[in-house]
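Computed from heavy atoms alone, side chains included, the values below leave out hydrogens, waters and symmetry copies. In each ligand, atom 1 is the first atom listed, and ligand 1 is the first ligand listed.
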Amino acid sequence: MKFTTCPLDCYDACSVIYKDGKLKGDPNHPHTQGFLCPSLNSFLKQERITQARYNGKYIAMDEALELLSSTFKNIQNNKLLFFKGSGNMGKMQDVSNLFFEQYGATFTQGSLCDGAGDAGIVEGRGVNLALPISQIVKSEVVVVWGRNITTTNAHMMNTIKNKTLIVIDPIKTKLAKKADVHVQLKPRSDFFFAILLARFAHLEEMEDFDFISNHTEGYEDFVDFFQGFGIKYLIDQVDVSVKTIMSSLNLMKDAKVTFLVGVGVQKYLHGDGVLRAIDSFAAMLGQFGKEGCGVSYLSNSAYGFTNPFVSKALNVVKPTVNFGDYESVFIQSANPCAQMPESNRVIEGLKKSNVVVYFGLYENESSKIANLVIPAKTFLEKEDIRLSYGSEFVGQMPKVIESDIGISEYALTKFLVNSFGFEPLKDEKEYIQEILDSNTTKVGGYLQSSNYNEIPYSNGFYTENKKFLFIEDIEDEKFEEEEGYFLVTSKPRNSINSQFERDHYLYIAKDMGYEDGECVKVSSAYGMVELIVKISDDIRGDCVKICSGAKGLNFLTPGQKSNEGDSAVFQEVKVKLEKE
Ligand SMILES: Nc1nc2c(c(=O)[nH]1)N[C@H]1C(S)=C(S)[C@@H](COP(=O)(O)OP(=O)(O)OC[C@H]3O[C@@H](n4cnc5c(=O)[nH]c(N)nc54)[C@H](O)[C@@H]3O)O[C@H]1N2
Ligand SMILES: Nc1nc2c(c(=O)[nH]1)N[C@H]1C(S)=C(S)[C@@H](COP(=O)(O)OP(=O)(O)OC[C@H]3O[C@@H](n4cnc5c(=O)[nH]c(N)nc54)[C@H](O)[C@@H]3O)O[C@H]1N2
Ligand code: SF4
Ligand SMILES: [Mo]
């Protein structure tokens, strides 16, 4: 029996036992408590790439590595793009930085995921810390805001059991059905909803003036700012009843509230403003730095840890990168042909690049387009460690099995630095130890980030004057007038983005003129895809839902970046439907 940690891009970072060729949950872990989700349960069954190939011809790993090295020796250094995704959250994924930086390759900055919201949090708090599970347990009211806990963060369900629950989501999710109040607002209206809550909280005198005067700055400007929005205007924007708004606010009165916010609220140009408005509402109620309260988003898990792989390379913005500008593109742990926005542009760009290298586990849209395919090792076959963006826990990931298939990121990087005569790598365990030693504490037999030895922000915020800065401005390009359905593109139950069992349906409300099983053409200003309809009782009539990982989905989405945070804005688009 050996212990490891799930490597997948997920809030939970489950503690895992590998025994007799099987993966099982670790029943003793205080947060993840023994069960695994459908994705990790299908990990060992998933067909993987077993052999390297070049232009369709199978080759030995040695040959693949020589080809890689000679390709890189024959191009201009800044014409090599290093593109890394989030197929595996292990810290050793970043060891490749050490080669690509010395080589002079171009890196990407920004995010396809949580970057816009993160930027908004940093503006107000200085550093984006998670709320430890140990604090969420102590809260009385939980507000789940644009996060689909039962699907994407399943182990949180235990933590929030028996608490008063408010869900804010345009979809009636499984959790929304169990909630005390479900605010089924219009997509893209969360900024207005946060402002509405602040307006009503002010009228109801719910402010914590002690907290406001000691720990924040700009409250008066915030009041002026939210009072600048008329109540009727705000209610029209969010499209929910006053009764629903008031019942959610009343539940928060004099309670310890935790807000669990997900990426759903910020896949828009103004995503930073949404998170900052949510934070500002929580701050006026004094819900920071105390027991049992706070706002938790996908946090900066690396805060406080040493990063032996930090890179000062030239960066281009990730969601808008033009692959066609590079002679060679090295894709690691990513499937950009499916997961980047504006697939037409991505695929055209990659076709212009002379040598596309795909370094991954599975065949997908990106491995198909690649010239050189190099199989990776799985998390079970290499040394690693992972942090969690959803909790305080740190997971060790020692090698638990030997395998002849694939190569690890460490071994590939070692080959390249040696082949180029660059500074040699340290032993891989040394890097892992360095990360561990920098910021971990053992609590109840499990490692956690030392940042959480105290309640986050209890000693002040991480801004210059240690105070929280309220929002007082928003840049919000309106697209409401545009015709069509809002595109809600959230996470599927049985896959992690494009890995495992992908969900390819178009979900739409009934009585919209479509039937189950029907094929429809979905189009936007960026492209078109044909999908099969599934009627759902859980969706507002003004939206359709297509899960992340659905084939062709990102032909519909805009290759733009958010106002702040260099993040993708997958939902900044409306779509039209046409019958076949
Ligand atoms: N099973 C599974 N788990 C996963 C993943 C997966 O693919 N599958 N992916 C992982 C990754 S990469 C991430 S980043 C996390 C993300 O996990 P979550 O933060 O849960 O993100 P999403 O599923 O994208 O969206 C969450 C919710 O936001 C709602 N939503 C959409 N638009 C809006 C809006 O405008 N306002 C509001 N209030 N809500 C809105 C959606 O209906 C959905 O219920 O999950 C991780 N966990
Ligand atoms: N429309 C729409 N698009 C989205 C999203 C959305 O909600 N809607 N979500 C966005 C978000 S939040 C995210 S995080 C991105 C995710 O997008 P990606 O980062 O592209 O993630 P995946 O689709 O999971 O593909 C990861 C790849 O990593 C490879 N891999 C897995 N483990 C390893 C390993 O150990 N080593 C190596 N070398 N490779 C490995 C696998 O082969 C897999 O194909 O997608 C974004 N795209
Ligand atoms: S994907 Fe998430 S829920 Fe599933 S096993 Fe991994 S960490 Fe746990
Ligand atoms: Mo993500």
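- Between Phe359 and Glu409 there is a side-chain heavy-atom pair separated by less than 4.5 Å.
- For atom 5 (S) of ligand 3, the closest non-hydrogen atom of the protein is Leu40 CB, 3.5 Å.
- Cation-pi geometry between Lys91 and Phe309 is not met at under 6.0 angstrom from the ring centre and within 45 degrees of the axis.
- Heavy atoms of Leu185 approach ligand 1 to within less than 4.0 angstrom.
- Note that Lys545 lies in the cation-pi zone of Tyr507, set by a 6.0 Å cut-off to the ring centre and a 45° limit from the axis.
- Atom 5 (C) of ligand 2 has Ser548 OG, 3.4 Å as its closest protein atom, hydrogens excluded (heavy atom only).
- Between the choices Phe570, Trp145, Phe486, Tyr11, the shortest heavy-atom distance to atom 15 (C) of ligand 1 belongs to Tyr11.
- For atom 13 (C) of ligand 2, the closest heavy atom belonging to the protein is Asn497 ND2, 3.9 Å.
- With hydrogens left out, the protein atom closest to atom 32 (N) of ligand 2 is Leu361 CD1, 3.4 Å, a heavy atom.
- Atom 38 (N) of ligand 1 has its closest protein heavy atom at Asp190 OD2, 2.6 Å.
- Within the cation-pi definition used here (under 6.0 Å to the ring centroid, within 45° of the axis), Lys574 does not qualify as a partner of Tyr485.
- Scanning the protein for heavy atoms near atom 6 (Fe) of ligand 3, the closest one is Cys6 SG, 2.3 Å.
- Taking every non-hydrogen atom of Ile171 and a distance limit under 4.0 Å, the qualifying atoms of ligand 1 come out as 42 (O).
- Of the protein's non-hydrogen atoms, the one nearest atom 33 (C) of ligand 1 is Gly264 O, 3.2 Å.
- Scanning the protein for heavy atoms near atom 1 (N) of ligand 1, the closest one is Pro492 O, 2.8 Å.
- Some N or O of Ile168 is nearer than 3.5 Å to an N or O of ligand 1, by distance alone.
- Of the protein's heavy atoms, Asp9 O, 3.3 Å lies nearest to atom 46 (C) of ligand 1.
- Atom 44 (O) of ligand 1 has as its closest protein heavy atom Asp169 OD2, 2.6 Å.
- Figure legend: Lys534 and Tyr505 shown as a cation-pi pair, the cationic atom lying under 6.0 angstrom from the six-membered ring centre and within 45 degrees of its axis.
- Residue Tyr389 has no N or O atom closer than 3.5 Å to an N or O atom of ligand 1.
- A side-chain donor-acceptor contact under 3.5 Å links Lys318 to the backbone of Lys84.
- Backbone and side-chain nitrogen or oxygen atoms of Pro187 are examined, and none is located within less than 3.5 angstrom of a nitrogen or oxygen of ligand 1.
- Closest heavy-atom approach to atom 34 (C) of ligand 2 among the candidates Lys382, Glu365, Gln332: Lys382.
- Ser39 does not count as a contact of ligand 3, since none of its heavy atoms falls under 4.0 Å from the ligand.
- Residue Ser39 places every heavy atom at 4.0 Å or more from ligand 1.
- Counting only heavy atoms from C-beta outward, the side chains of Ile374 and Ile407 approach each other to under 4.5 Å.
- Taking each of Ile331, Asn335, Thr489 in turn, the one with a heavy atom nearest to atom 2 (C) of ligand 2 proves to be Thr489.
- There is a side-chain donor-acceptor pair under 3.5 Å between Asn158 and Gln33.
- For atom 23 (O) of ligand 1, the candidate residues are Gln339, Lys267, Lys491, Lys186; the nearest heavy-atom contact is made by Lys491.
- For the pair Ser299 (side chain) and Tyr389 (backbone), a donor-acceptor distance under 3.5 Å is present.
- Residue, atom and distance of the protein heavy atom nearest to atom 8 (Fe) of ligand 3 are Cys14 SG, 2.3 Å.
- Salt-bridge formation is detected for the pair Asp239/Arg540: a Lys NZ or Arg NE/NH1/NH2 atom is positioned less than 4.0 Å from an Asp or Glu carboxylate oxygen.
- In summary, the side chains of Asn335 and Ser498 do present a donor paired with an acceptor at a separation below 3.5 Å, with no hydrogens or angles considered.
- Of the protein's non-hydrogen atoms, the one nearest atom 29 (C) of ligand 2 is Ser333 CA, 3.7 Å.
- Residue-to-ligand polar distances place Val263 within reach of ligand 1: an N/O pair is separated by less than 3.5 Å.
- The distance from ligand 3 to the heavy atoms of His155 drops below 4.0 Å at these ligand atoms: 3 (S), 8 (Fe).
- At a heavy-atom distance under 4.0 Å, only side-chain atoms of Leu298, from C-beta outward, approach ligand 1.
- Taking every non-hydrogen atom of Gly85 and a distance limit under 4.0 Å, the qualifying atoms of ligand 2 come out as 19 (O).
- Looking at atom 10 (C) of ligand 2, its nearest protein heavy atom turns out to be Leu112 O, 3.3 Å.
- Protein heavy atom closest to atom 45 (O) of ligand 1, with residue, atom name and distance, is Thr152 CB, 3.4 Å.
- Cys37 SG, 2.2 Å is the protein heavy atom nearest to atom 4 (Fe) of ligand 3.
- Which parts of ligand 1 touch Val488 is read off a 4.0 Å heavy-atom cut-off, strictly below it: atoms 31 (C), 42 (O).
- Contact between Cys113 and ligand 1 is present, with at least one heavy atom of the residue lying under 4.0 Å from the ligand.
- At a cut-off of 3.5 Å, with distance as the only test, no side-chain donor of Tyr358 or Gln332 sits close to an acceptor on the other residue.
- The backbone of Ala13, and not its side chain, has at least one atom closer than 4.0 Å to an atom of ligand 3 (non-hydrogen atoms only; backbone = N, CA, C, O).
- Counting atoms of ligand 3 from 1 in the listed order, those under 4.0 Å from a heavy atom of Cys10 are 1 (S), 2 (Fe), 3 (S), 7 (S).
- For atom 35 (O) of ligand 1, the choice among Phe193, Phe191, Tyr268 with the nearest heavy atom turns out to be Tyr268.
- The ligand atoms of ligand 2 that sit less than 4.0 angstrom from a heavy atom of Ser498 are 22 (P), 23 (O), 24 (O), 25 (O).
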